[in-house]
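This report refers to the structure that appears directly beneath it.
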Amino acid sequence: GDHTVRDAPTLHLFNIDATTRTAASAAATTLAANTVQINNLVYQEGFVAKYSRAGAVQWAKSIGAQRLPNLSGMTVSNLKVFCYKASTSHIINTHLQGDMAPPNRPTHGRRQDIEYDKGQVVASAQGGTVGGVSTITLKADSSSTSGWYNGLMIEITNGPGYGQKRTIFEYDGSTKVAKVQPHWDPNQFPTSFSTYRILGGRPTSWIQGTHWSNGGVYVTGQVQTLCGTDCMTSDNKTASSVRIGTMRADYENSNAAGTAKLMQLSLAQDDHLNFLAQFDNTGAVFWARAVGVNGHSGYVQEAHSNTTFNISAEASTEDEYYQGATITLTDGTGAGESRVIVNYTGATRFVTVNADFSWMPDSSTRYIISSRGTAGRVLSGSTTTVQLSGTQARNQLTGAYVGQTILITAGTGLGQMATIQAYDGSTRTATVSTLATAPDTTSWFHVLDASGIKGVAAMEDRVFVTGFYTASVRHQNCSFDSATVTEGPPENTHPTTVFECGVVGGSPPAANPNSASKTEAIPVGSTSTDVGSITVDSTTSWGIFTVAYNGSGAIFWAQNASSGAVMPKAIAVMDPLIAGKPLPGQPGDATHPKDIHSEKYNTAVARGRYVYVAGEVYDWFNAADFGRTVEPVECSAGYTIGEKG
């Protein structure tokens, strides 16, 4: 290949012969990795591929670097995929052109969750004769799309016919006449004095006149960046960015028709970021969210020297919150340089870095701080071992960091990345894959373990992610407002009008600005609608988080368990029914199910939607509190795991 760049490997995907069950002789499609510079360090992409049931390649998409500074590195790993009704996912969160104005609220999980339309009855007709059909004429500004209300329920809410509920089986958009079944009550059918509402439906998922539960191809993974051996001396460092995918053509900027729209996320140097993304059945990406981050971005407020300055008021108020994290100046005075934060005072947002910046930062200086895992000074080291400093509870647990990535972020051995293969909690010594240069007491280390995703599951238009965290982290959220923008990310949208995702984590770094064809966000920016886990205490080695997003990428609940050391291993969701009815003794809405053994049903399950998370407990000294059960309260009120009342 070109001597100025690294050779880019090409992935070959083959169809499977349905008869012989072997791969075809020639590749059906190929996927070329991004071309990176010859002096870039470790680089690894991820990919997602779709095969048909018969083994034919449908498409393949890569997840890799879009922006990577010289002598830096990036890896995409830990990919997980979960599909739910993926065959209909090409219509997630969309209207057909010409339909009514798009809704400005997130999607919902059940057909009966939302009131889709309401108004005054214009007229109705009573069937009942041979071949007769009962109808109702809706208000004049009802949908002009025939079949739009098919399968939904209409309820008479006032006036003649009050309380009757019927199913719409055919709708004429030109006349606004809906055919219903069963027939209206012949003694009390709706008139122009009646009002109605239409319930259920999926206004953001429409196909062939039927409203579906949203589907999708959900992908999770982790991105790690490496600043490199010139991290403390170079002036060309900026935020790296990872391209999750390309958005559908429906969401192209109307001012730049035909230009691809890209969904990307920015990272600091020596950073790690978990993501959750939703793809459609063609491989186009709808949205991406950062899960479990604790970094930050903003502007310098006041500088006192080349090593000390105050950062944005939105930064953490917790002392030493960013200690050991890498700060990169991305714009303004000092842009392109990175340093390690060695001291942080939360009350004043006062930062001290390990070495002078070439220029004193000022109010024009924009920065991005990496998510911080376990970080500190190296106590001793060799090419295969690193002795860690720090008083965290997990430092004392043998095996604590096995499989995690460790970076040397400053001092001797700067810019190296290794995998922890073994860990001795009694001596706080990690055995690592071979380093080229042994770190010493001048070195700083950073274990990229702020958080990690362990499982993903989906049900209806909801996707559930579980993972671990070792520090206070946030989950990127998205709120809805009435502002319209000309480019994504798409939420509940019309092809020509995109409802703004009120918070996408802040603007990208000014260095290497985006063109109009890109959609990129710094997910580590602190925002009012990010959802944060509670601050972990000194006894926490790992906590569990579980967060639920809807089909539009908005969080509708998040839960966590802290203290002790608990690691999630798997997640599952289910919607059980017994003949469509709850068990005897269960509440009708199944929101507070009782212990089924008390009802003498030892193998049955109560009706309801449940999320199950399985994990392992490593620390028997410190109990992890999972909260309280619904019923019976005496099982958990005031107690923690391991205690009995």
Side-chain angles (χ1 to χ4, degrees), residues 67 69 72 74-75 221-227 231 237-242 264-276 288-300 309 311-331 337-344 346 349 351 353 365-376 405 407 409-410 444 446-453 467-477 503-509 511 520-533 535-536 545:
R67 182 173 57 240
S72 296
M74 175 184 289
T75 64
Q222 185 175 79
V223 186
Q224 299 179 348
T225 60
L226 177 64
C227 191
C231 192
K237 300 297 180 182
T238 187
S240 297
S241 68
V242 60
Q264 298 173 184
L265 295 173
S266 292
L267 295 87
Q269 295 304 315
D270 290 337
D271 202 356
H272 53 309
L273 177 151
N274 308 300
F275 67 86
L276 166 66
R289 302 285 181 261
V291 180
V293 294
N294 63 15
H296 169 65
S297 64
Y299 284 91
V300 169
F309 46 91
I311 59 176
S312 170
E314 285 73 35
S316 174
T317 59
E318 181 182 335
D319 287 343
E320 310 305 347
Y321 188 83
Y322 302 114
Q323 182 175 333
T326 297
I327 182 170
T328 302
L329 308 185
T330 61
D331 193 35
E337 296 189 336
S338 294
R339 298 291 186 268
V340 172
I341 297 173
V342 296
N343 187 269
Y344 178 71
R349 280 71 164 181
V351 166
V353 297
T365 304
R366 196 172 189 173
Y367 62 84
I368 181 171
I369 299 173
S370 68
S371 288
R372 180 187 59 81
T374 303
T405 297
L407 308 180
T409 57
W444 281 75
H446 188 177
V447 180
L448 303 185
D449 67 340
S451 67
I453 293 174
F468 71 91
Y469 64 100
T470 64
S472 300
V473 294
R474 300 187 313 277
H475 310 306
Q476 189 184 2
N477 195 14
V503 176
V504 290
S507 302
E520 185 170 353
I522 298 180
V524 296
S526 177
T527 64
S528 59
T529 59
D530 280 355
V531 175
S533 298
T535 302
V536 297
F545 70 78

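Residue numbers start at 1 and run along the sequence shown.
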Sequence neighbours left out, what passes side chain to side chain contact (heavy atoms under 4.5 Å, CB included) with [X]? Give chain and number order.
{"X": "Ser312", "value": "His296, Gln301, Glu314, Tyr367"}
{"X": "Asn343", "value": "Glu320, Thr345, Thr352"}
{"X": "Gln224", "value": "Thr75, Gln222, His272, Thr405, Met417, Leu448"}

Notebook entry, point to check: What pairs with Thr470 under side-chain hydrogen bond (donor to acceptor under 3.5 Å, both in side chains), at least two apart in sequence or on another chain?
Noted result: none

Checklist line | Residues in side-chain hydrogen bond (donor to acceptor under 3.5 Å, both in side chains) contact with Thr225, at least two apart in sequence or another chain | finding: none

So which atom in [X] and which in [Y] form the shortest heavy-atom distance, rounded to 0.1 Å?
{"X": "Ser240", "Y": "Met74", "result": "CB-CE, 3.9 Å"}
{"X": "Ser451", "Y": "Phe545", "result": "CB-CE2, 4.3 Å"}
{"X": "Ala410", "Y": "Val340", "result": "CB-CG2, 4.0 Å"}
{"X": "Val473", "Y": "Ala450", "result": "CG1-O, 4.0 Å"}

Check: What residues form a salt bridge (charged side-chain N to carboxylate O under 4.0 Å, His left out) with Arg339, not counting sequence neighbours?
Finding: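 For Arg339 the salt bridge (charged side-chain N to carboxylate O under 4.0 Å, His left out) partners, ignoring immediate neighbours, are Glu337.
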
Within this structure, what is the [atom1]-[atom2] distance for the pair [X] and [Y], rounded to the nearest 0.5 Å?
{"X": "Trp444", "Y": "Gln323", "atom1": "CH2", "atom2": "CD", "result": "5.0 Å"}
{"X": "Ile327", "Y": "Ile341", "atom1": "CD1", "atom2": "CD1", "result": "4.5 Å"}
{"X": "Leu267", "Y": "Ser371", "atom1": "CG", "atom2": "OG", "result": "8.0 Å"}
{"X": "Thr326", "Y": "Ile369", "atom1": "OG1", "atom2": "CD1", "result": "10.0 Å"}
{"X": "Ser266", "Y": "Asp271", "atom1": "OG", "atom2": "CG", "result": "10.5 Å"}
{"X": "Ser72", "Y": "Arg67", "atom1": "OG", "atom2": "CZ", "result": "11.5 Å"}

Notebook entry, point to check: Hey, does the side chain of Asn274 reach the backbone of Val291 with a donor-acceptor pair shorter than 3.5 angstrom?
Noted result: yes

Check: Any donor-acceptor pair under 3.5 Å linking the side chain of Lys237 with the backbone of Cys227?
Finding: yes

Check: Do Ser370 and Gln269 get their side chains close enough for a donor-acceptor pair, meaning under 3.5 Å?
Finding: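 Absent: no donor and acceptor within the cut-off.
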
Checklist line | Derivation and outcome, side chain to side chain contact (heavy atoms under 4.5 Å, CB included), residues Asp270 and Leu226 | finding: CA-CA 5 Å; Asp270 290 337; Leu226 177 64; 3.8 Å; yes

Notebook entry, point to check: Is there a side-chain contact between Ser472 and Asn294 (heavy atoms, below 4.5 Å)?
Noted result: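 No, too far: nothing below the 4.5 Å cut-off.
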
Next item on the list: Evaluate side chain to side chain contact (heavy atoms under 4.5 Å, CB included) for Tyr321 paired with Arg349, printing each intermediate quantity in order.
Entry: CA-CA 10 Å; Tyr321 188 83; Arg349 280 71 164 181; over 6 Å; no

Margin query: Using the ring-ring contact (aromatic ring centres under 6.0 Å, His included) criterion, which residues pair with Tyr322? Sequence neighbours excluded.
Written below: Tyr344

